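The structure under discussion appears below in the form of structure tokens.
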Amino acid sequence: MFSTRRIKPHSKDIPKIKKLYIESFPENERFSFGSMIKNESGCYETFAFYHDDKFCGFAILLNSLDISHIIYFATAIPAPETTPEPTTP
């Protein structure tokens with residue numbers, strides 16, 4: 001099942017979001033991650049996406065008056081599932 005959660009500055013998933021943020025956007029397109037997460041200006045909202053309770057992406061919104069802009073959106077590539085090697089009798 002897919003779910004979305006609003007992320008607060010002390011969320012346990014901040015390191016996963018930051019890692020995906022750095023991997024997904026070139027340095028010249030990134031704003032200060034800490035400033036957006038701390039949201040001291042009150043303009044940012046961060047949401048994390050989960051599939052079967054496993055982190056799979058995030059969105060960071062910039063809110064201005066009555067308009068919300070999605071300024072960052074990224075999804076994680078799931079790790080390939082490994083299947084055990086067949087054993088020979």
Side-chain angles (χ1 to χ4, degrees):
M1 184 168 77
F2 183 80
S3 63
T4 304
R5 297 179 198 146
R6 180 176 278 168
I7 298 300
K8 300 294 181 185
H10 301 295
S11 168
K12 66 177 179 65
D13 286 333
I14 293 291
K16 294 175 189 174
I17 295 169
K18 185 173 184 177
K19 181 178 185 296
L20 182 57
Y21 176 70
I22 290 169
E23 291 172 351
S24 299
F25 301 98
E27 187 174 356
N28 67 331
E29 293 181 8
R30 294 192 308 251
F31 188 66
S32 168
F33 183 79
S35 294
M36 290 185 294
I37 295 300
K38 288 179 187 172
N39 190 27
E40 292 172 347
S41 66
C43 295
Y44 296 100
E45 286 183 280
T46 303
F47 294 91
F49 309 124
Y50 302 86
H51 184 262
D52 294 333
D53 287 326
K54 293 180 185 171
F55 173 77
C56 64
F58 73 90
I60 299 176
L61 283 64
L62 172 64
N63 300 310
S64 175
L65 301 174
D66 60 346
I67 299 172
S68 293
H69 304 273
I70 299 172
I71 56 173
Y72 296 103
F73 181 92
T75 57
I77 298 172
E81 292 188 28
T82 57
T83 55
E85 292 292 322
T87 57
T88 55

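Treat the numbers as computed from the prediction; the structure is a model and nothing was measured. We're numbering straight along the sequence, starting at 1.
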Run the side-chain donor-acceptor check on residues 49-57: report pairs under 3.5 Å with partners two or more places apart or on a different chain.
residue : atom : partner : partner atom : Å
Tyr50   : OH   : Asp13   : OD2          : 2.3
Asp52   : OD1  : Met1    : N            : 2.5
Asp53   : OD1  : Arg5    : NH2          : 3.0

>> When you compare the side chains of Asn39 and Glu45, does any donor N or O come within less than 3.5 Å of an acceptor on the partner?
In response: no

> Ser64: what forms a side chain to side chain contact (heavy atoms under 4.5 Å, CB included) with it, not counting sequence neighbours?
Replying inline: none

> Any idea which heavy atoms bring Ser32 and Ser35 closest together, and the distance?
Replying inline: OG-OG, 3.1 Å

>> Membership question, hydrophobic clusters at under 4.5 Å side-chain separation (ILVMFWY): are Ile70 and Phe2 in the same one?
In response: yes

> Just how far is it from atom OG of Ser41 to atom CG of Leu62, taken to the nearest 0.5 Å?
Replying inline: 8.0 Å

> If every non-hydrogen atom of Tyr44 is compared with every non-hydrogen atom of Ile60, which pair is closest and at what distance?
Replying inline: CD2-CG2, 4.2 Å

> Taking the six-membered ring for Trp, is the centroid-to-centroid distance between Tyr72 and Phe25 below 6.0 Å?
Replying inline: yes

> How far apart are the closest heavy atoms of Ile71 and Met36, and which atoms are they?
Replying inline: CD1-SD, 4.1 Å

> In Å and rounded to the nearest 0.5 Å, what is the OG to CZ distance from Ser24 to Phe58?
Replying inline: 5.5 Å

> How many angstroms lie between CD1 in Ile7 and CD1 in Ile37, if you round to the nearest 0.5 Å?
Replying inline: 7.5 Å

> Nearest 0.5 Å, what's the OH-CZ distance between Tyr21 and Phe31?
Replying inline: 8.0 Å

>> Can you confirm whether more than 12 heavy atoms, excluding those of His10, are under 6.0 Å from its NE2 atom?
In response: no

>> Quick check: closest heavy atoms across Leu61 and Ser68, and the distance to 0.1 Å?
In response: CD2-CB, 4.0 Å

> Any idea which heavy atoms bring Ile17 and Ala48 closest together, and the distance?
Replying inline: CD1-CB, 4.2 Å

> Say you draw a straight line from CD1 of Ile14 to NZ of Lys12; how long is it, rounded to the nearest 0.5 Å?
Replying inline: 11.0 Å

